[in-house]
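Written out below as structure tokens is the structure these notes cover.
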Amino acid sequence: MDATVNKKKKFKLRMPGAFVILFILTIIAVVATWAVPAGSYSKLSYDKASSELVIQQPNGGDKKVPATQQQLDNLGVKIKISQFTNGGITQAVSIPNTYQRLKQRPASLWDVTGSMVRGTIQAVDIMVFIFVLGGLIGVVKASGAFESGLLALTKKTKGHEFLLIFFVAILMVLGGTLCGIEEEAVAFYPILVPIFIAMGYDSIVCVGAIFLASSVGTSFSTINPFSVVIASNAAGTNFTQGLDWRIFGCAVAAIFVIFYLHWYSKKVKANPEFSYSYEDKKSFDKMWSVSAEEKFSGESNEVKIKKAAFTVRKKLILVLFVVTFPIMVWGVMSQGWWFPTMASSFLLFAIIIMFLTGTGEFGIGEKGVVDAFVNGASSLVGVSLIIGLARGINLVLNEGMISDTMLQFSSSLVANMNGPFFILVMLFIFFILGFIVPSSSGLAVLSMPILAPLADSVNIPRFVVVTAYQFGQYAMLFLAPTGLVMATLQMLDMKYSHWLKFVWPVVVFVLVFGGSILVAQVLIY
């Protein structure tokens, strides 16, 4: 008998998938509401209707006070009143020294599934955007334009494949540092992933050039309104303070991520088995690759194969498809678009492309384009649900009133520390808080009014605390299942363990290099 038959199979521990990880974290969050004491700070917001400040008490009830700078000073909120009245701060901010222990609000077993449903409902705007995006992709694929355009592109880029990764990564870093492109980045995968596959790269390179690069840019935000600007406002400082440090940090970080992507992509290009996700290569390629041939039905109803001719109609379809993305970026950066508006924009272009795809000599007809749209949308149901489930975890923590307790505990940790040690501990605190509150603007308004004033006691400028918030939170968001990571991995059918193997050097870089910048700022100022 062959010895291999009797050979025992080695036990191999496998990382669970995205849905299982989020389900486990939901259970942990529910348990935490029983173990962690409940408590809350008073919250301050601005009521446009009455032009007054509203104080939300921890035990319930609202109190209205005049919207004046003196009132803010009396409350210990070191923020300019104009930041409230002109809409610079739109969310309720924590009021320092108002933390109160509250009656425990433990979640029930029912909340495990209930939070998943309610989190999904809260994320419906993002989900609709993703469904429309999927439908748009499905129609473009059905038109054959992807195949034809890809064949033309791969011929022109032969021998210079990494240039595309370079330019994509640079654009993503800029998008992250200037306007905080995060959820919007999922829109770029359908364009770029088939191209990267055709060039001989793997799923890791796809996520690295888009999600990783945009997140590195956001970690070193320069003028990102959803991160550094709102955090600076909430900290009572101007976002231009420390801007030169952040520009320097962003430049160094961009160089690092480009070299890291170049090293990895070169290894994969030379030896596909080097890929961290090689075991899933076949399924990934089957999901995302496109062929240089296309099928069509002739008059005899026999299925024939022909080389994908890059016709004028297909060129027009590709142009319409690609132009939706710069329009989206323009709308987000300058017009204040959010997901419903972006979804409407994509749907408009989808309808035009459906007309072009359904009509003409090789048109697939009304049923063909509708089926293509529905199939494309359904392929991203998993991605949409992941976003909703992650929201559910945050709902459990917030409704259990334990987020503020963790914030209060964190503020007590850094009391009476010396400067460099203070800021490094602050970096670690924001790293942990980034898991609990994955929203950059949400964490900014919750934590900055509490933690930024602590810098005054150790003679550190408050903008340094803002910088620590950026580095700490975003280092965690490379890893945190409660953030965008799981939706990204689900979209590309990538295992979390493969992603961890690739991303941990970047997390170490952000923490070590970011920590060095913070210590230098403390020593110089």
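For clarity, every value in this text was computed on a predicted model and none was experimentally measured.
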May I ask you to decide if [Y]'s main-chain N or O and [X]'s side chain share a donor-acceptor pair within less than 3.5 Å?
X      : Y      : answer
Ser221 : Thr218 : yes
Thr222 : Thr177 : yes
Tyr496 : Leu479 : yes
Ser344 : Pro340 : yes
Ser378 : Asn375 : yes
Ser115 : Val112 : yes

Check your understanding: Can you tell me if CZ on Phe428 sees more than 12 non-hydrogen neighbours from other groups inside 6.0 Å?
Key ->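 No, not enclosed.
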Check your understanding: Going by the angle between their ring planes, with limits at 30° and 60°, are Phe256 and Tyr260 parallel, tilted or perpendicular?
Key ->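 Phe256 and Tyr260: parallel rings.
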Nearest heavy-atom pair of [X] and [Y]: which atoms, and what distance?
X      : Y      : result
Ser227 : Gln470 : OG-CG, 3.8 Å
Tyr469 : Ala231 : CE2-CB, 3.4 Å
Arg313 : Leu356 : NH1-O, 2.6 Å
Phe196 : Val168 : CZ-CG2, 4.4 Å

Any side-chain heavy atom of [X] within less than 4.5 Å of one from [Y]?
X      : Y      : answer
Thr26  : Leu389 : no
Arg118 : Asp111 : yes
Phe274 : Tyr276 : yes
Lys314 : Leu318 : no
Leu492 : Phe284 : yes
Asp280 : Met494 : no
Ile165 : His262 : no
Val173 : Cys250 : yes

Exercise for review: Tell me, with the steps shown, if Met448 and Val465 meet side chain to side chain contact (heavy atoms under 4.5 Å, CB included).
Suggested key: CA-CA 8 Å; Met448 280 301 137; Val465 177; 4.3 Å; yes
Practice item. State which residues pass salt bridge (charged side-chain N to carboxylate O under 4.0 Å, His left out) with Asp125; sequence neighbours excluded, sorted by chain then number. Key: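 Scan of Asp125 (salt bridge (charged side-chain N to carboxylate O under 4.0 Å, His left out), adjacent residues dropped) gives none.
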Distance (rounded to the nearest 0.5 Å) between [X] [atom1] and [Y] [atom2]:
X      : Y      : atom1 : atom2 : answer
Ile317 : Ser143 : CD1   : OG    : 4.0 Å
Leu443 : Met476 : CG    : CE    : 11.5 Å
Lys266 : Leu261 : NZ    : CG    : 14.5 Å
Phe502 : Leu212 : CZ    : CG    : 5.5 Å
Ile517 : Thr467 : CD1   : OG1   : 8.5 Å
Leu347 : Ile352 : CG    : CD1   : 10.0 Å

Practice item. Test Phe346 against every option in Phe321, Phe129, Phe373, Phe131 by the ring-ring contact (aromatic ring centres under 6.0 Å, His included) rule and name the one that passes. Key: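 Between Phe346 and the candidates, ring-ring contact (aromatic ring centres under 6.0 Å, His included) is satisfied uniquely by Phe129.
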**Study point:** Qualifying residue, where the test is side chain to side chain contact (heavy atoms under 4.5 Å, CB included) with Val216 and the options are Tyr474, Phe509, Phe478
**Key:**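 Of the listed options, the one satisfying the test is Phe478.
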Review point. Among all residues two or more places apart in sequence or in another chain, which pass the side-chain contact (heavy atoms from CB on, under 4.5 Å) test with Asp244?
Key: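 Partners of Asp244 under the side-chain contact (heavy atoms from CB on, under 4.5 Å) test: none.
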Check your understanding: Does any donor atom in the side chain of Asp202 or Tyr264 lie under 3.5 Å from an acceptor atom in the other side chain?
Key ->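 There is such a pair (donor and acceptor under 3.5 Å, judged by atom type) between the side chains of Asp202 and Tyr264.
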Practice item. Using ring-ring contact (aromatic ring centres under 6.0 Å, His included) as the criterion, list what pairs up with Phe471, not counting sequence neighbours. Key: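 Applying ring-ring contact (aromatic ring centres under 6.0 Å, His included) to Phe471 gives Phe220.
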Check your understanding: Can Asn271 and Tyr278 be said to form a side chain to side chain contact (heavy atoms under 4.5 Å, CB included), step by step?
Key -> CA-CA 10 Å; Asn271 177 22; Tyr278 184 73; over 6 Å; no
